[in-house]
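Everything on this sheet refers to the single structure shown next.
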Amino acid sequence: ENILQVKRNDEFYYPIVFRKNFEDLSNQLKTLELQERKCCIVTDSNVAPIYLETVKKELEKVSDTIISIILPAGEENKTLAQIQNIYEHLIKAHFDRKDLLFALGGGVVGDMTGFAAATYLRGIDFIQIPTTLLAQVDSSIGGKTGVDFLQYKNMVGAFHQPRLVYMNVHTLDTLSDELFSCGMGEVLKHGLIRDLDYFEWLKENREKVLNLDEDALTEMIYKSCVIKKTVVENDPTEKGERAVLNMGHTVGHAVEKLKNFKLLHGQCVSIGTVCACYLSLKRGLITKEEYESALEALRAYRLPISVQGLNAAEILTATKSDKKMEQGKIKFVLLEKMGYAYIDKTVTDEEMKEAIEVVLEE
Ligand code: NAD
Ligand code: ZN
C-alpha cells in the first residue's frame, strides 16, 4: 500500500512513494538508477529552514554534487524571472542532460521546478518532494508545470512528468491549519467526483485526519493519489475527462480573482463546490440530504461555504474569463450522482446566477 505506479508515457511509469521521513529517498534514487548525478534542490524561503538540510544529507549518500536554490515563497514569485534564476544556477554548476532537479515544497515550487526541468536543455529529469497537502494530493501528480504570466495564472507551461514523487507525510506537521484545510478542499473534491466510499471515509475519520494521525493521513493521501492518477492516466493532456478535477474551480477561480487572492485557493474551491452541488441538486441529480452532507463535510474540515462582499453578476462575469471555456460555453462540472462527476456544457447563465446566490453573504 505504500507505492503507486503512474504512467509517464507509453513505455515508462514513475513511482509515488508514501513515507514517514526522508530516509528512503537515496534508496529510491538507486532503484531508479538515478544515483551519481548532479542534484539541484529547488525550494522556497519557508521550507528551506525546516527541511533543506535533511534532504541534502540524504542526497549526499548518492551524489557528490548537490546545489540548492531558495526561491522567495509565494504565488507572486511564480514567474519567468525565477525560472531564469534557476537556469543561471544550473549553467553555473554545469548541469547537463542527465542531471536532476528536486522540487522540495508546495505547488508553487513544484510547478516552477517542473517547468525549469521541462525546458532546461529541452528537458531533464526531476523529482517531486511535495510538502503541502495540496501538493501531495494534487499538484505533484499529473505532469502539469508552469508559471503565471501577466495577470494570468499558469499561462505559460509544459507537460513534464516527474521520475519519482516522494511523499513524507510528516512534512504536513509544520503546515498551518489554514493551508491544511485548503488541501482538504481538493481531497473532498476527489471523494465527490470519483469515490463515494472515500467521501464517507473522510467524514468518519475527520478527528484523526485533523489531528494529523500518520496512518489516517497516509491512507487519505494514498486514496487521493489513486483518484488523481486514474483520471490523468485516462486523459493526460486534458482533452476530456481530466476536466472533472476542475469541479468547484470555475466559480472558485472567479472568487479567488475578485478577492485579490486574499482567500486561499482551497477556500475558493470549497465555495465553488457548493455551487456545483447546488446545481446538481436543482437538476435532480442528487438529493437534498446528499447536498447537505457535502456542505457538512466542507464545514467539518474548516472550509468556507459562503463568501462576503461580492455580487452574483461580477462572479458570473469573472467565470467567463476562466481559461476552461470552449467556444464561449463554460464547461461546468456537475455531480451525476454522489461520488461521480461529469462535464456539462448546458449550464445557463440563469442557473449559474442562482447557484452563485446560494454562496453569497450580506
Ligand atoms: P505554496 O507552494 O505557495 O505553499 C503554500 C505556503 O506553504 C508557502 O508559503 C510555502 O512556503 C509554505 N510551505 C510549504 N510546505 C510547508 C511545510 N511543510 N511547512 C510549512 N510551510 C510550508 O502553495 P500550494 O498551496 O502548495 O500550491 C499552490 C500552487 O499549486 C498554485 O500555484 C497552483 O497553481 C499550483 N497547482 C498546480 C497543480 C498542477 O497540477 N500542477 C494543481 C493544483 C495547484
Ligand atoms: Zn485546485
Side-chain angles (χ1 to χ4, degrees), residues 22 42-52 54-55 70-79 82 103-115 118 126 128-149 152-162 165 167-190 193 212 224-225 228-229 231-232 236-238 242-253 255-256 261 263-273 303 322-324 333:
F22 286 119
V42 182
T43 185
D44 75 24
S45 48
N46 294 331
V47 177
I50 324 178
Y51 302 111
L52 180 56
T54 316
V55 171
I70 302 173
L71 303 172
E75 181 78 26
E76 64 275 21
N77 299 302
K78 195 172 147 182
T79 59
Q82 291 301 335
L104 173 65
V108 169
V109 164
D111 281 10
M112 284 202 283
T113 310
F115 185 59
F126 85 113
Q128 289 273 18
I129 310 178
T131 64
T132 63
L133 181 56
L134 181 134
Q136 295 190 348
V137 297
D138 192 351
S139 61
S140 65
I141 308 147
K144 280 189 184 177
T145 74
V147 295
D148 303 333
F149 190 70
Y152 305 105
K153 264 196 69 144
N154 303 321
M155 197 59 182
V156 175
F159 283 98
H160 190 55
Q161 307 290 344
V165 182
M167 315 267 188
N168 171 359
V169 69
H170 278 295
T171 58
L172 302 182
D173 296 349
T174 55
L175 205 61
S176 69
D177 287 352
E178 208 181 22
L179 278 170
F180 185 84
S181 285
C182 278
M184 287 308 302
E186 309 287 354
V187 168
L188 290 165
K189 176 194 79 182
H190 287 150
I193 64 171
L212 305 185
S224 266
C225 288
K228 174 113 195 204
K229 160 193 146 80
V231 172
V232 301
T237 54
E238 200 166 317
R242 186 167 176 164
V244 298
L245 292 167
N246 296 330
M247 189 175 83
H249 282 62
T250 303
V251 171
H253 283 147
V255 170
E256 209 175 349
F261 297 91
L263 273 179
L264 296 172
H265 175 74
Q267 298 171 328
C268 299
V269 168
S270 175
I271 291 161
T273 299
L303 286 160
D322 207 62
K323 273 185 298 185
K324 277 113 199 161
V333 182

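In listed order, ligands and their atoms are each counted from 1. Not measured: the values here are computed from a predicted model.
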Show which atoms of ligand 1 fall inside a sub-4.0 Å distance from at least one heavy-atom site of [X].
{"X": "Thr171", "value": "17 (C), 18 (N)"}
{"X": "Asp111", "value": "34 (O), 35 (C), 36 (N), 37 (C), 39 (C), 41 (N)"}
{"X": "Gly106", "value": "2 (O), 26 (O)"}
{"X": "Asp44", "value": "10 (C), 11 (O)"}
{"X": "Ala73", "value": "11 (O)"}
{"X": "Asn154", "value": "34 (O)"}
{"X": "Lys78", "value": "31 (C), 32 (O), 33 (C), 34 (O), 35 (C)"}
{"X": "Lys153", "value": "31 (C), 33 (C), 34 (O)"}

Test item: [X] side-chain N/O and [Y] main-chain N/O as donor-acceptor pair under 3.5 Å:
{"X": "Thr145", "Y": "Gly157", "answer": "no"}
{"X": "His249", "Y": "Met247", "answer": "yes"}
{"X": "Asp148", "Y": "Thr79", "answer": "no"}
{"X": "Lys228", "Y": "Val137", "answer": "no"}
{"X": "Arg242", "Y": "Val231", "answer": "no"}
{"X": "Thr273", "Y": "Gly248", "answer": "no"}

Exercise. Taking the minimum heavy-atom distance to atom 2 (O) of ligand 1, which of Val269, Val232, Val108 ranks first?
Worked result: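 When every heavy atom of Val269, Val232, Val108 is considered, Val108 comes closest to atom 2 (O) of ligand 1.
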Exercise. Which one of Leu71, Leu245, Thr131 has a non-hydrogen atom at the shortest distance from atom 15 (N) of ligand 1?
Worked result: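 Looking at heavy atoms only, Thr131 sits closest to atom 15 (N) of ligand 1.
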Exercise. Does ligand 1 have an atom that lies less than 4.0 angstrom from a heavy atom of Lys228?
Worked result: yes
Problem set entry | Contact check, side chains of His265 and Glu75, non-hydrogen atoms, under 4.5 Å |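 No - every pair of side-chain heavy atoms lies 4.5 Å or more apart.
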For this session: Examine Gly105 against ligand 1 and note whether any of their N/O atoms are separated by less than 3.5 Å.
Result: no
Problem set entry | Contact check: Gly107 vs ligand 1, nitrogen or oxygen atoms, below 3.5 angstrom |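 Among all N and O atoms of Gly107, at least one is under 3.5 Å from an N or O of ligand 1.
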Below 4.0 Å, non-hydrogen atoms only: which portion of [X] touches ligand 1? Side chain, backbone, both or neither.
{"X": "Leu172", "answer": "neither"}
{"X": "Glu75", "answer": "side chain"}
{"X": "Glu186", "answer": "neither"}
{"X": "Leu134", "answer": "side chain"}

For this session: Tell me which N, O or S atom of Glu186 sits nearest to the Zn ion (ligand 2).
Result: OE2
Problem set entry | Positive for side chain to side chain contact (heavy atoms under 4.5 Å, CB included) with Ser270, one of Leu188, Leu303, Val255, Leu264 | Leu303
Exercise. Just one of Leu71, Ile70, Leu104 clears the side chain to side chain contact (heavy atoms under 4.5 Å, CB included) bar with Val42, so which one?
Worked result: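 So, applying the side chain to side chain contact (heavy atoms under 4.5 Å, CB included) to Val42 and each of Leu71, Ile70, Leu104, only Leu71 qualifies.
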Exercise. Between His160 and Phe126, what is the ring plane arrangement, given parallel below 30°, perpendicular above 60°, and tilted in between?
Worked result: parallel
Exercise. Is the Zn ion (ligand 2) less than 2.8 Å from an N/O/S atom of Asp138, whether that atom is in the backbone or a side chain?
Worked result: no
For this session: Answer yes or no: does atom CZ of Phe149 have more than 12 heavy-atom neighbours from other residues, nucleotides or ligands under 6.0 Å?
Result: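 No - once you tally the heavy atoms of other residues, nucleotides and ligands closer than 6.0 Å, there are 12 at most.
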Exercise. Identify the closest protein heavy atom to atom 7 (O) of ligand 1: which residue and atom is it, and at what distance?
Worked result: Leu179 CD1, 3.3 Å
